[in-house]
Each structure stands twice: as structure tokens, then as C-alpha cells.
Amino acid sequence: MSQPASPADAALDSLSVLGEGTRRQIFAFIRRARRPVTREETAADVGISRKLAAFHLDKLVDAGLLRTRHASPTGLRKVGRQPKLYEPTDSPIQVSIPDRRHELLAALLLRAVLAEGENETAANAAIRTARQHGDELGGQDRARLRPGRIGAERGLTLCEQMLNQHGFEPAREAPDRLRLRNCPFHPLAAQAPDLVCGMNHAFLTGYLQGLQAGAVRAVLAPRSGECCVQLQHAQPQDPPKAG
């Protein structure tokens with residue numbers, strides 16, 4: 001089963017579709033129109049045939065940049081088949097290399113502010129919220145994948161899929177260790193490392209909890225230019241020494 005495209009891959013695919021000049025003109029025209037438009041209107045504005053306009057419009061729909069519906073452009077019901085209308089989707093296109101996820105960090109901080117407890121500091125609320133978000137995401141993936149009992153190797157592999165989708169650039173440094181080569185929250189992490197790295201660690205710890213991957217743990221292991229967290233096989237604690 002193929003993995004779903006990451007947001008970054010989807011954005012790059014969308015940009016590649018807009019690399020053709022006529023499609024950029026069409027996309028700009030439809031965004032400026034502020035209403036659904038027909039193929040005929042598009043062809044007239046850009047100065048191409050209706051058939052060629054339909055070809056480019058369908059490419060933009062396939063890329064997720066436009067959506068379609070059948071209705072009257074004036075909003076009035078008419079007898080017979082309604083024309084096909086095109087309008088922009090609501091999804092923004094964002095590309096960053098290396099991948100940055102500042103919107104995720106902002107969403108978690110906003111959620112923390114709104115849910116901050118009476119006797120809780122803002123930083124503690126942020127870390128708690130990050131762990132809750134990770135736990136929810138891990139639970140969703142477990143319900144979707146139905147992996148059963150998860151050992152260390154399987155746990156690292158499942159985490160690798162999620163981390164790729166979230167821009168962490170995971171690399172299997174050893175059979176029992178997964179390094180995260182990219183920090184999606186840079187450069188904000190450098191400005192407030194205790195807070196941002198703490199949230200990142202809490203998010204990944206929560207994800208492992210929701211996934212029920214107890215054989216894997218997230219540990220703080222900062223390296224210059226990389227994420228501050230790595231995932232590794234959770235070794236059982238040594239028994240206490242007799243004394």
C-alpha cells in the first residue's frame with residue numbers, strides 16, 4: 001500500500017502544474033473573479049479555445065487547485081443541463097525546503113492558551129497540549145492501521161512514516177534508533193529551545209502513547225542543525241542493586 005503524499009509533496013505537485021504559463025493565467029483569472037466561472041469565460045479571458053481551456057482547467061482540478069460543480073453562473077435555475085463551473089479551493093500552497101511547520105507550532109500554542117489551567121503556567125500548558133495532540137494523532141493512526149502488538153522495529157517503522165509526513169526527515173541511524181535530521185520548528189526552536197524542544201519531545205512521546213508503541217521512546221538528544229529528539233528502542237530498566 002502506497003503512503004499518502006505529504007503536504008510538502010502535494011504543494012510541490014501543485015506548483016509543478018502552475019509551472020505552465022497558460023495555467024497560471026487561468027488560475028489567476030479564476031481567483032480574481034471571486035465567483036465560479038465557466039470554461040467559456042476562461043477561454044475568452046485567456047484568449048484560447050474552449051477545448052484547450054477545458055484541458056488546463058481539468059489539470060488544475062486534478063492538482064487540487066480548483067474544484068467544480070454544475071450550476072448556473074447567475075445562480076438562477078434553468079431548464080436543461082447546468083454548465084460546469086470552476087472555483088478555487090480553500091487550501092493554501094506553502095513550500096519550504098527544508099520543511100517548516102510553524103503553523104502546527106502556532107496551533108498548539110493557541111490551543112494551550114485557550115486550555116490553560118488555573119494553576120498552570122503557559123509553558124506547562126503548551127507541553128501538555130503538545131502531548132495531547134501527539135496522543136490523538138497516534139490513536140488515529142493506530143485505529144487506521146490496526147497494527148496489533150507493536151515491537152521496537154515495527155514501532156520505529158510506523159513512526160518513520162508519520163515523521164516523514166511532518167517534515168522531520170527521519171533517518172535510521174541504527175536498527176534500534178531513529179534520528180530526526182530536520183527541525184520543522186526552526187528557527188523558533190533556537191529562540192526558545194526549552195519551550196519548543198519540550199513541546200516537540202512531548203508531542204512525540206504522546207504519539208508513541210497513542211500508537212501504543214511502548215517498545216519505543218522519545219529522548220532528548222540535541223545535535224546542531226537537527227531535531228532535538230530521537231526515537232529509540234526503550235530498554236528495560238536495570239533492576240535495583242542490592243545494598
Side-chain angles (χ1 to χ4, degrees), residues 1-111 133 136-137 140-141 144 160-170 180-189 203 227:
M1 184 174 62
S2 60
Q3 297 181 26
S6 70
D9 288 340
L12 286 171
D13 289 342
S14 297
L15 287 179
S16 69
V17 170
L18 290 173
E20 204 281 330
T22 301
R23 282 182 213 138
R24 285 200 304 275
Q25 287 181 269
I26 290 173
F27 188 60
F29 162 66
I30 294 176
R31 287 198 58 83
R32 288 195 309 268
R34 300 293 179 180
R35 61 174 177 81
V37 302
T38 64
R39 291 175 179 176
E40 289 76 12
E41 290 177 296
T42 302
D45 182 86
V46 181
I48 57 177
S49 69
R50 179 185 180 278
K51 184 176 181 180
L52 185 56
F55 169 79
H56 288 305
L57 286 165
D58 288 342
K59 288 289 186 182
L60 291 167
V61 171
D62 291 342
L65 296 167
L66 298 179
R67 58 174 172 251
T68 64
R69 58 189 173 92
H70 289 276
S72 169
T74 63
L76 301 175
R77 292 188 61 85
K78 295 183 178 180
V79 177
R81 181 176 174 81
Q82 301 293 318
K84 193 174 186 179
L85 302 180
Y86 297 83
E87 58 188 344
T89 59
D90 298 326
S91 302
I93 304 172
Q94 296 179 340
V95 177
S96 175
I97 301 174
D99 204 349
R100 298 291 179 247
R101 299 299 175 93
H102 295 162
E103 74 283 356
L104 173 58
L105 186 61
L108 291 175
L109 289 171
L110 178 61
R111 181 174 168 182
H133 179 72
E136 292 165 4
L137 182 61
Q140 291 169 8
D141 282 354
R144 176 175 58 86
E160 194 168 357
Q161 296 174 8
M162 182 278 291
L163 293 165
N164 263 319
Q165 294 173 6
H166 283 74
F168 285 96
E169 297 182 5
L180 312 183
R181 300 300 191 195
N182 180 54
C183 174
F185 308 129
H186 186 81
L188 299 178
F203 166 70
C227 177

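Heavy-atom basis, side chains included; hydrogens, waters and symmetry copies ignored.
Residue Y86 holds its OH atom at 10.0 Å from CD1 of I26, rounded to the nearest 0.5 Å. Interatomic distance, CZ of R34 versus CZ of R32, reported as 10.5 Å (0.5 Å rounding). Expressed to the nearest 0.5 Å, how far CD of E160 lies from CG of L180 amounts to 10.0 Å. Interatomic distance, NE2 of H56 versus OG1 of T22, reported as 4.5 Å (0.5 Å rounding). Separation of atoms CG (L105) and CG (L110) is listed at 11.5 Å; rounding is to 0.5 Å. With rounding to the nearest 0.5 Å, the separation of CG in N164 from NE2 in H166 is 11.5 Å.
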- Message: Using the rule given for side chain to side chain contact (heavy atoms under 4.5 Å, CB included), can you reason through E87 versus R67, listing the C-alpha separation, both sets of side-chain angles and the distance that settles it, and then say yes or no?
- Response: CA-CA 6 Å; E87 58 188 344; R67 58 174 172 251; 3.4 Å; yes
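By the 4.5 Å heavy-atom criterion applied to side chains, F55 and R39 are not counted as neighbours.
By the side-chain hydrogen bond (donor to acceptor under 3.5 Å, both in side chains) test, H133 pairs with no residue at all, sequence neighbours left out. Under the side-chain contact (heavy atoms from CB on, under 4.5 Å) criterion, A189 pairs with C183, V196, not counting sequence neighbours. Legend: residues meeting side-chain contact (heavy atoms from CB on, under 4.5 Å) with A106, ordered by chain and number and at least two apart, are absent. With sequence neighbours excluded, the residues satisfying side-chain contact (heavy atoms from CB on, under 4.5 Å) with R181 are E169, A171, E173, R179, R223, E226.
Ring orientation note: the planes of F185 and F168 are nearly perpendicular, at an angle over 60° on the 30°/60° scale.
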All N/O donor-acceptor pairs, side-chain side in residues 42-51, below 3.5 Å, sequence neighbours left out:
from	atom 1	to	atom 2	distance (Å)
T42	OG1	T38	O	3.0
S49	OG	L52	N	3.1
R50	NE	E40	OE2	2.5

Distance-only donor-acceptor pairs under 3.5 Å for side chains of residues 57-66, two or more places apart:
none

